[in-house]
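Working notes, structure below.
Quick caveat, the model's predicted, so the values are computed rather than measured.
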Amino acid sequence: QVLLVESGGGLVQAGGSLRLSCAASGRILRIDAMGWYRQAPGKERELVAAITSGGRTNYTDSVKGRFTISRDNAKNTVYLQMNGLKPEDTAVYYCNAEGLRVDAFGLGRPFGSWGQGTQVTVSS
């Protein structure tokens, strides 16, 4: 099992900033991609930003220039710096990680894990 624990959500006024963190723990051999998704009420979960182990990033168009994803490979942690927040950014934000873990037999197995979600609310 690979556990993802998120932190950093909260309530902020439009134009404000928040920084989300997500730390992965468990018998991890390597983490390939890490990303942040969000789900607003009545909407499907969507990719916000993703980053590879080599640092290549990808953003959804609506957050480009406002959000920055980064990661600390030594700490198995991914961050999402959110600036210029808008009311439409209000959602539950979920962390995702994919890679290779050690199973009960000491063998490498692919994994894909989700965090529990953290609420981000932007007031107008």
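- Tyr79 and Tyr93 fall into different hydrophobic clusters, where Ile, Leu, Val, Met, Phe, Trp and Tyr side chains are chained together by heavy-atom contacts under 4.5 Å.
- Ala49 and Leu80 get closest at one heavy-atom pair: CB-CD1, 4.2 Å.
- If you check the side chains of Gln119 and Thr121, you find a donor sitting under 3.5 Å from an acceptor.
- Here the straight-line distance linking atom CG of Asn76 with atom CG of Leu3 works out to 12.0 Å at 0.5 Å rounding.
- Applying the ring pair (Phe, Tyr, Trp, His ring centres under 6.0 Å) criterion to Phe111, with sequence neighbours excluded, gives no partner residue.
- Hydrophobic cluster membership differs between Val78 and Trp114, with clusters built from Ile, Leu, Val, Met, Phe, Trp and Tyr side chains linked at under 4.5 angstrom.
- Judged by distance alone, the side chains of Asn58 and Arg56 never bring a donor and an acceptor atom under 3.5 Å apart.
- Cluster annotation: Ile69 and Val63 are assigned to the same hydrophobic cluster (Ile/Leu/Val/Met/Phe/Trp/Tyr, side-chain heavy-atom contacts under 4.5 Å, transitive).
- By the 6.0 Å and 45° rule, Arg38 does not stack over the aromatic ring of Tyr94.
- Screening residues 110-122 for salt bridge (Lys or Arg N to Asp or Glu O under 4.0 Å) gives no qualifying pairs among residues at least two apart or on separate chains.
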N/O donor to acceptor pairs below 3.5 angstrom from side-chain atoms of residues 12-20, sequence neighbours left out:
from: Ser17; atom 1: OG; to: Asn83; atom 2: OD1; distance (Å): 2.9

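- Atom NZ of Lys43 sits in a sparse spot, with 12 or fewer heavy atoms from other residues, nucleotides or ligands closer than 6.0 Å.
- Between Lys86 and Asp89 no salt bridge is recorded (no basic side-chain N to carboxylate O distance below 4.0 Å).
- For the residue pair Arg66 and Leu85, the shortest heavy atom distance occurs at NH1-CA, 3.9 Å.
- Pairing each heavy atom of Ile31 with each of Ala24, the nearest pair is CD1-CB, 3.8 Å.
- Electrostatic pairing of Arg30 and Asp32 counts as a salt bridge here, judged by a charged N lying under 4.0 Å from a carboxylate O.
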